[in-house]
Each structure stands twice: as C-alpha cells, then as structure tokens.
Protein chains: 2
Amino acid sequence: MTAEARRSARGNGGAAPTLHDVAAKAGVSLATASRVLNGSERKVAESFRERVERAAEELGYTANVSAQATARGTSPVIALLVADIADPYFGLIAAGVARGADEQGLVVTIAITDRDPTRETRILRALRGQRPRGVILAASRDDNAETTSDELSAFARLGGRTVAFGDGADRSIRIDNRGGAERLGAEMAARGYRRAIALAAADGVRTSDDRLAGFTAGFTGGGGEVVRVYRSGFAREDGAASMQQALDDGVEQGTLVFALSDVVAIGAVSAIHDAGRSVGADIAVAGFDDVPVSRDVTPQLTTVRVPLSELGYQAFRATVDSEWEQADAPLEVIVRASTPDRT
Amino acid sequence: MTAEARRSARGNGGAAPTLHDVAAKAGVSLATASRVLNGSERKVAESFRERVERAAEELGYTANVSAQATARGTSPVIALLVADIADPYFGLIAAGVARGADEQGLVVTIAITDRDPTRETRILRALRGQRPRGVILAASRDDNAETTSDELSAFARLGGRTVAFGDGADRSIRIDNRGGAERLGAEMAARGYRRAIALAAADGVRTSDDRLAGFTAGFTGGGGEVVRVYRSGFAREDGAASMQQALDDGVEQGTLVFALSDVVAIGAVSAIHDAGRSVGADIAVAGFDDVPVSRDVTPQLTTVRVPLSELGYQAFRATVDSEWEQADAPLEVIVRASTPDRT
DNA sequence: TTGAAAGCGCTAACAC
DNA sequence: GTGTTAGCGCTTTCAA
C-alpha cells in the first residue's frame, strides 16, 4: 500500500503531512517545496515560495528529521554522555552543551553511564546508530578505557567529531586539575594548615589522581603534609563514607580535609556534623569545582572554581567548529569560611 | 553516483557499513540480513543467522537509526523538555526519565526552555520533526499555554504520547502540591509558628499557586497567618532577591518563611545570612521538593519530599505503556532544623 | 524460510 | 527557476 493510499484510507487522520502533501497543495514539485522549506536559500520565485509556505502552514507541516537525515547522510544531533545527570557537575556541563546546541539548531541527546565503563561502551555503540554530528564524553572523568576509545575511533571514521573531558577523543577539553589543586594546596599551607587528609577516588582515575597530586605538591611545598588518603568515588555518599572512616580513625583539630570535588566535600561536611564535630576551626574542608551548592552550605566551602557550564559550551563548539582551540579556562582558588585562617 | 560507487571510490574508508554490505559479505539477501539484525525474532535458519551475525561483527555494523525510523515510520526517541537542566529539580526528573528510557533501549533528547513559553512552543515544534514516541513536558511548571497545547495535540495526532508535569497533555503526572503544602502549613502552625512570609512565583503559575494556597490553608487553619507574599520566580536568585526585599521591609524574629521550592528557599537562606540574621530561631525557613541540597545547608531545611526521580521514571512509563495509571506518590512533610519548635 | 522489490519521506544531481 | 528522478539505508509485503 502506498503512502497515498494509506493516507486516503484513513482520511488523512493521524498521519503527519509530508512534503509531498505540501507540494501537491501548493501545486508545485517536490523539489521546489523542498527548496523552499528545508533547502538552501534563494532560488525559488517569490510567488512559488509564498504558495509553498502557505500550504505548509495550513497543513501544519514539519519536516521529518529522520528522513532528512537518511537523505542527507547526516543528522543534526549531538550526543552527550554523562555519568549522572542529577550531579551538578554534569548538570552544569549539560547546560552549556544545550545552550550551544540550541544556538545551532541542533538536538542534544543525553545518555547516562552511571560511571560504569561497560555501560559507557555499550551506550557509545548504540549512539553510533544515530550517526550524530558529534559526541561529547563527560562521563568517566577517567582515562577512557580501551573499548571506549575503540568506539570513539569508530565514530571518527564515520566523520563524527568526538570531544572528551579528558583524553582519547579527537579534541579534548582540558581542565587544569593539577595546577588548580596545587594552588589550592599552596594557599592552604600559606594560611597555616599543616596536616591534611585527602578524600580521593580510586587510584588510576585521572581526575582524582591529578587533583590529589596537585594538592599534595602545593601543600607539601608550603610546609604541610598529607597524612592520609581515603579512596572511594565521586558521589556525595562516597564523601560521607570516607569521612566517616577518617573520623573513626581519628581526626585532629585543625586538620584540613581536601575532597576531590565539592559534591564529595559536602558528603564529608555532613559526616563531620553527624559525628558532632564542626567544620571550620575544628576540621577545615576544601573541595573542587565550585558548583553552586558550595556557596550554600554553612560554612561556605573553599574550593577551586571550574567554569563548568562554559566548558560545556566549549565542548559543544569543539564538536561543530572546524577550527578550534580550547579557550583559556583558568581555575581560580576561592577561599571561603570552611577553611579559616590559622595564622 | 551510487552508494556502491562512492564506497569503492574511497576504498570504503570513512563510510559506515550498511546492511547491504553485511548482506553481501554474508551472501544473503538484504531482507534476511535485516531480519537477523534488526527485525523481529525467530524466522531465520541458524546457519544464515550465524553468517550474518559474523559479517556484521567483522564489519562493525550498526544500524542507522534514522533510516530505520524513516522506514518504520517511528523513531526510538523520547523528548524531554525541562526549564533548566542545571536545576536539581529537573536534574532529578531527567535522571528518572533516562533510567526508564535506558531500560527500553530508547534515546532521550533534552531541550531547555529557560522558562520561556515562546521558546517552549518553538522547541516543541522543532521536536515534532523528530517524530518522537513521546514527549515529556517538565518545563513550565505552569499551566501549559495555549500555543503549547496546540503543539501537544499536534503530537498526539501523529501518534506520539504526550505527558506533562501538569495539565494539557495526554497524561499527567500530578504532584499533590496543594495537599503537601497544606500539611506543611498545619505542621508549622502546630509547632508554634504564627506569622509567615511566603516567597512565591507570579500569580497564575499553577505550581506556585497550589503550594501557596495549600500552605496558607494549612497554616491559617492551625491559627497562623500569612502576612506577606513576595513574588518572583523559581531560581535561587529569585529567592535571594525576594528575601532581601522582605528583610528590607522588616522581618520579625520568629517569623517563618515559606518558599515555593527548596532552591528558592536556599536563596532565601543566603539572603538571611547576608543580612546578618540567622536561620532557625530567628527566621525559620521551609521549602518544598526535598532536593538533595536541602539536607546540606545548615540548618537543614524543613521541606516536603517530592519523589522527583521516581516521578521522572513514571513520566517515562506513561509515554510508553499503553495502560497506565499514575502510581501513588505521597508527599511527606520533613521537618528539619530550619524550623525549630516554638512551643 | 528466503529474496525481490516497493516503499518510507526527503535531498540533490541533472535536464529542461 | 523548476521539475524529474535516482538515490539515502532500512523495512516489509508478497511470491517463490
């Protein structure tokens, strides 16, 4: 049964009007209708153009994106992979990506990896079916596993641009985790802290390693010492659990807790409260990222500002611009009340 | 130039392998390959099936979703509209939707309305081009404007399911804002509060109106009085601004501030601190939603728990299940330290 | 079971 | 300028 037949069979109820319908109603050819509605500018006589536009309007025509994509061989989508969309870190990145995509009339699809590399690879494979213009990987915060990088090259071979927060893709959004953490460490030492406990992720997780190494370098360089390192993950509960453990092990007054992210730091703050200790002069806490909630906890969190939303926007630009160079995204140490001066 | 010609012209470099390639390599027809790889189960001889699968594997074949969509007339996507993906309210909903979509192998596309009804309508129109299986509207927190509802019916006519947090769609996810707020108001009155200030959104915004009306009913029913209502929006900064204004107007000690959402409440908390006042015995604050940060501020925020992520999941189910009925999502009043007993 | 062939809705040569 | 027509990659009758 042809589309035509099917359409009249149901009296055209429930079927989306096609370009064909518009062309027929306007009394022009398919090609002309296509040129007016979706094709490149300037080529159609004004009178025709008007007729087509009116017909489209009356029919409520909207181009079928899938059909356009198969015909053109490319689809207007940018795929974004995040670990957890409810985490403000990723939420901010996603907001930046969405803003850019919107500017260009592109659609962004979001997939959640739950920080599971297997899932990540699987999703990537499925995403390939969308033949997206670009893929942005903000998921692992880790060096991208081998299988993931295979998938990434598969994308590249299809002509899609791959961008990663980290390595392994065509283009990388780099965050100077090490440098920022080092400045933070130095600043904390300068403010009189001498003992620090670090809350990190598993050894080998790049972001965590860099932040930890940077902090340690800066802090010891200023005369401090990182006395213990607890390892768990990136979630708030991980921070709470690690801190709980640390408290069980004993935390001297005046110790600084350096958490690898604000979210983790906030978990730590909660554990400190639960233990009846207090944040600040008793146990100081510093995080990383400067997500909005770091200003909403009491005391406000000392942290390193990462312009996440802006970086998301840049990541988007990186997927679409032919020429591209990452703009400078300087990280700034922000000292707040969670780390009072000890000098 | 045919695909064949093009492919050999570039030595097949850079082109995605097509079903055609797989079929050729396996020595079977297109139809058979399709049946094995993407079609319905059970129909192909085991030997053929194996050959096809091996060929697909070796070629690294992934079905082109757009082509499948044009051929099938339906695409495996669920479109989600949110006001602001960096807002935890929407982040949680999105997480629930994403979880459900993943279970069904569907893709979710996200669009941001920025709380602009015009944008919302425009986006909806563009989204229609994707011919998504379903659309979830979590954007306006408002009664859906007329144009929006036109777009929604257009979707429905195409056979797509529309689901809204609020009214105007095929199916609605309802949050008992009024009831929850009423219980909160009653509880606050029972705990000895007598004067309240409300921080709401513009008059006519449904969620805000319901929460405000509910709270007022419960609070006055318990002997309290809502002395002033400030109106702005749903963002943290709106809460800060409204609270600032309230403080300028004068806020008696022992007053309760009821904010229409936790995010707004947190803005208010920040304004209270900035003004050198304190949250709790001095000025009490209650919010709504129970987003994670409500437990991370000090003092922790009294609020009404809305199972946002779960509701996101339900919204997803509502788009895909033929039979559907909203599961009970009871709202629970959670009293925390931001509203100490005054009795 | 399998395969040939006619679509799906749209784009883009190419000719008029 | 405009229309014809052969694709895009895939699905799905319909015969064989």
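By convention in this document, chain letters (A, B, ...) are assigned in the order of the sequence lines, proteins followed by strands, and residues within each chain are numbered from 1.
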Under 4.0 Å from OP1 or OP2 of D/dG9: is there any side-chain N or O of A/Thr70 that close?
no
Using residues 44-55 of chain A as the side-chain source, report each donor-acceptor pair under 3.5 Å to any protein atom, sequence neighbours left out, with the distance given to one decimal.
{"residue": "A/Arg51", "atom": "NE", "partner": "A/Ala26", "partner atom": "O", "Å": "3.2"}
{"residue": "A/Arg51", "atom": "NH2", "partner": "A/Ala26", "partner atom": "O", "Å": "2.9"}

Here the distance between atom C1' of D/dC10 and atom CG of B/Asp21, to the nearest Å, is 13 Å
Could you check how far CZ of A/Arg49 sits from P of D/dT2, rounded to whole Å?
10 Å
Are A/Val320 and A/Arg161 side-chain neighbours, meaning at least one heavy-atom pair lies under 4.5 Å?
no
Heavy atoms, side chains only, cut-off 4.5 Å: are B/Thr109 and B/Ile78 in contact?
no
Indicate yes or no for a side-chain donor-acceptor contact from A/Thr121 to the backbone of A/Pro117 under 3.5 Å, with no hydrogens or angles considered.
yes
Produce the list of close N/O pairs, under 3.5 Å, pairing protein atoms with atoms of nucleotides 10-12 of chain C; give distances to one decimal.
{"residue": "C/dC10", "atom": "OP1", "partner": "A/Tyr61", "partner atom": "OH", "Å": "2.7"}
{"residue": "C/dC10", "atom": "OP1", "partner": "A/Asn64", "partner atom": "N", "Å": "3.3"}
{"residue": "C/dC10", "atom": "OP2", "partner": "A/Leu19", "partner atom": "N", "Å": "2.4"}
{"residue": "C/dT11", "atom": "OP1", "partner": "A/Gln68", "partner atom": "NE2", "Å": "2.6"}
{"residue": "C/dT11", "atom": "OP2", "partner": "A/Ser34", "partner atom": "OG", "Å": "2.8"}
{"residue": "C/dT11", "atom": "OP2", "partner": "A/Asn38", "partner atom": "ND2", "Å": "3.3"}

Between B/Glu310 (side chain only) and B/Ala329 (backbone N and O only), is there a donor and an acceptor less than 3.5 Å apart?
no
A/Leu19 and A/Leu37, any side-chain heavy atoms less than 4.5 Å apart
yes
Just to confirm, is there a sub-4.0 Å distance from OP1 or OP2 of C/dG3 to any side-chain nitrogen or oxygen of B/Thr32?
yes
Mark yes or no for a side-chain to base donor-acceptor pair under 3.5 Å between A/Ser66 and C/dG9, with no hydrogen or angle criteria applied.
no
